[in-house]
Amino acid sequence: MHQITSEQQQLLQQNLLTEFMQLKEKVKARLTASSKQYLNDLVKDVDSMNADTLIDSLIHSESHSLNLYKTQIQSIDAALQGIELGLYGLCSDCEVEIEIEELFKCPTKQRCPACEIKYQQQKVKGYKL
């Protein structure tokens, strides 16, 4: 039995969409401040872009902050797609339900605590030389 009610899911979805809009504003501010003209030219189109288009537009950016925003946008997009597919709130690795309190703390959470620990350990091992 899935623990997320439709009201909770709608609230979480709205939170994710609000966060996406806030990130778009940050992206626009960073693009405006850039010394690169091709990035300045993107500002006028950001509001009309969906997550995939925005991520693709920033793909060649060397800005640390834009790369961070890109990662955050990808997480939001993944969560919104999970809602659309009916998989939101399930661990992406083991499919166990993620606690609703955890989703309200971090609506982009993709893994249960046990799988998150495994994921972080594998990620660290992957960086060792």
Nearest 0.5 Å, please: how far is [atom2] in [Y] from [atom1] in [X]?
X   : Y    : atom1 : atom2 : answer
E19 : N15  : CD    : CG    : 8.5 Å
H60 : Y38  : NE2   : OH    : 8.0 Å
K26 : M21  : NZ    : CE    : 14.5 Å
E97 : E102 : CD    : CD    : 14.0 Å
R30 : S61  : CZ    : OG    : 7.0 Å
L66 : L39  : CG    : CG    : 6.5 Å

Can you confirm whether [X] sits close enough to [Y] that some side-chain heavy atom of one is under 4.5 Å from a side-chain heavy atom of the other?
X   : Y    : value
Y88 : Q13  : no
Y69 : L58  : no
N67 : K70  : yes
Q22 : T18  : yes
I73 : I76  : no
L12 : L103 : yes

Path from [X] to [Y] over hydrophobic side-chain contacts below 4.5 Å:
X    : Y    : result
I83  : V96  : no
I117 : Y119 : no
L54  : L68  : no

Just list the side-chain donor-acceptor pairs under 3.5 Å for residues 41-50, sequence neighbours left out, or say none.
| unit_1 | atom_1 | unit_2 | atom_2 | d |
| --- | --- | --- | --- | --- |
| D41 | OD1 | Q37 | NE2 | 2.7 |
| K44 | NZ | D41 | O | 2.9 |
| D47 | OD1 | K28 | NZ | 3.1 |
| D47 | OD2 | K28 | NZ | 3.0 |
| S48 | OG | D45 | O | 3.0 |
| N50 | OD1 | D52 | N | 3.2 |
| N50 | OD1 | T53 | N | 2.8 |
| N50 | OD1 | T53 | OG1 | 2.9 |

*Looking only at heavy atoms, which two atoms of P107 and L16 are closest? And how far apart?*
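Heavy atoms only, the tightest pair is CB-CD2, 3.6 Å.
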_S63 versus S65, side-chain donor and acceptor atoms under 3.5 Å_ =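 Judged by distance alone, the side chains do pair up.
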*I98 backbone acceptor or donor facing Q3 side chain under 3.5 Å*: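 Pair found, side chain donor or acceptor close to backbone of I98.
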*Between the main-chain N or O of S35 and the side-chain N or O of N40, is there a donor-acceptor pair closer than 3.5 Å?*
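Between the backbone of S35 and the side chain of N40 there is no qualifying donor-acceptor contact (under 3.5 Å).
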My understanding is that only residues two or more places apart in sequence, or in another chain, count here; which of them pass side-chain hydrogen bond (donor to acceptor under 3.5 Å, both in side chains) with [X]?
X    : value
E116 : Q120
K24  : none
R111 : D93
Q74  : none

*How would you list all residue pairs meeting salt bridge (charged side-chain N to carboxylate O under 4.0 Å, His left out) that involve residues 76-88, not counting sequence neighbours?*
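Every candidate salt bridge (charged side-chain N to carboxylate O under 4.0 Å, His left out) pair involving residues 76-88 fails, so no pair, neighbours aside, qualifies.
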*Evaluate side-chain contact (heavy atoms from CB on, under 4.5 Å) for E62 paired with K36, printing each intermediate quantity in order.*
CA-CA 11 Å; E62 296 172 9; K36 297 181 178 169; 3.9 Å; yes
